[in-house]
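Okay, so here's the structure we're looking at.
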Amino acid sequence: MDPIVLAAGTALVTAMASDAWQSARDGAVALWRRARPEQAEVVEAELTEVREQVLRARGEGDADTEQALTGSWQVRLQQLLRTDPSLAGELRRVLDEVLTPALQPADQDRIGSLVMKATASGHGSVYQSGRDQTIHER
């Protein structure tokens with residue numbers, strides 16, 4: 001999945017539990033208005049419903065539900081970009097200017113996107129990590 005989609009989906013769902021969720025919702029709806037205007041109102045209503053689910057999950061300490069909702073919106077954003085790849089720049093703008101600023105600093109650090117590529121040949125090994133990694137070789 002595209003790293004920008006992963007970051008935007010995570011930021012969108014995380015922002016739903018913040019005081020700035022309306023601007024996050026408006027930014028997401030603007031993407032749909034551009035790509036699929038006939039679906040914008042439905043998406044807006046769905047975002048409101050998902051916000052209630054996120055708030056309930058947070059209140060109950062249900063991280064699995066929040067993670068599932070995040071995955072669902074990541075898939076939807078990925079499908080939107082597949083339909084119209086030119087939206088990638090707009091999605092990046094919404095992420096940088098709307099979604100990320102709506103988050104608490106700790107959540108902002110968690111949202112960043114990371115792209116790693118590596119190639120090993122012969123008897124080579126590749127170890128990559130976006131955070132902590134421990135390797136024990138014999």
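Just so we're clear, the structure is a prediction, and the values are computed from it rather than from any experiment. The figures here come from the full heavy-atom set of this structure, side chains too, leaving out hydrogens, waters and symmetry mates.
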With sequence neighbours left out, the residues meeting side-chain contact (heavy atoms from CB on, under 4.5 Å) with Val42 are Glu46
- [ ] Could you tell me whether a side-chain N or O of Ser18 sits under 3.5 Å from a main-chain N or O of Ala15, the two making a donor and an acceptor?
- [x] yes
Separation between CE (Met16) and OG1 (Thr14), nearest 0.5 Å, reads 9.5 Å
Would you tabulate the side-chain donor-acceptor contacts of residues 20-33 under 3.5 Å, counting partners in other chains and residues two or more places apart, or write 'none'?
unit_1	atom_1	unit_2	atom_2	d
Ser23	OG	Ala20	O	2.9

The side-chain hydrogen bond (donor to acceptor under 3.5 Å, both in side chains) partners of Glu90 (sequence neighbours excluded) come to Arg93
Residues at least two apart in sequence or cross-chain that pass side-chain contact (heavy atoms from CB on, under 4.5 Å) with Glu52, listed by chain then number, are Thr48, Arg56
ask   = When you measure from the side chain of Thr70 to the backbone N and O of Val13, does any donor-acceptor pair fall under 3.5 Å?
value = no
Residues at least two apart in sequence or cross-chain that pass side-chain contact (heavy atoms from CB on, under 4.5 Å) with Asp19, listed by chain then number, are none
With sequence neighbours left out, the residues meeting side-chain hydrogen bond (donor to acceptor under 3.5 Å, both in side chains) with Thr65 are Asp62
Ala11 and Leu95 have their tightest heavy-atom pair at CB-CD1, 3.7 Å
Sorted by chain and residue number, the side-chain hydrogen bond (donor to acceptor under 3.5 Å, both in side chains) partners of Gln78 (sequence neighbours excluded) come out as none
In short, side-chain hydrogen bond (donor to acceptor under 3.5 Å, both in side chains) pairs touching residues 34-45 with sequence neighbours left out are Arg36-Thr83
Residues passing the side-chain contact (heavy atoms from CB on, under 4.5 Å) test with Asp84, sequence neighbours excluded, are Ser86, Leu87
Subject >> Cluster overlap Leu55 with Leu99, hydrophobic side-chain contacts below 4.5 Å >> reply: no
Quiz item: Counting only N and O atoms by type, is there a donor-acceptor contact under 3.5 Å from the side chain of Gln74 to the main-chain atoms of Gly9?
Solution: no
Contact between Leu12 and Leu47 at the side-chain level, heavy atoms closer than 4.5 Å - yes or no?
yes
### Worked verdict on Leu77 versus Asp2 for side-chain contact (heavy atoms from CB on, under 4.5 Å)
CA-CA 10 Å; Leu77 290 168; Asp2 190 320; over 6 Å; no
Output for pair (Leu69 CG, Glu49 CD), nearest 0.5 Å, gives 10.0 Å
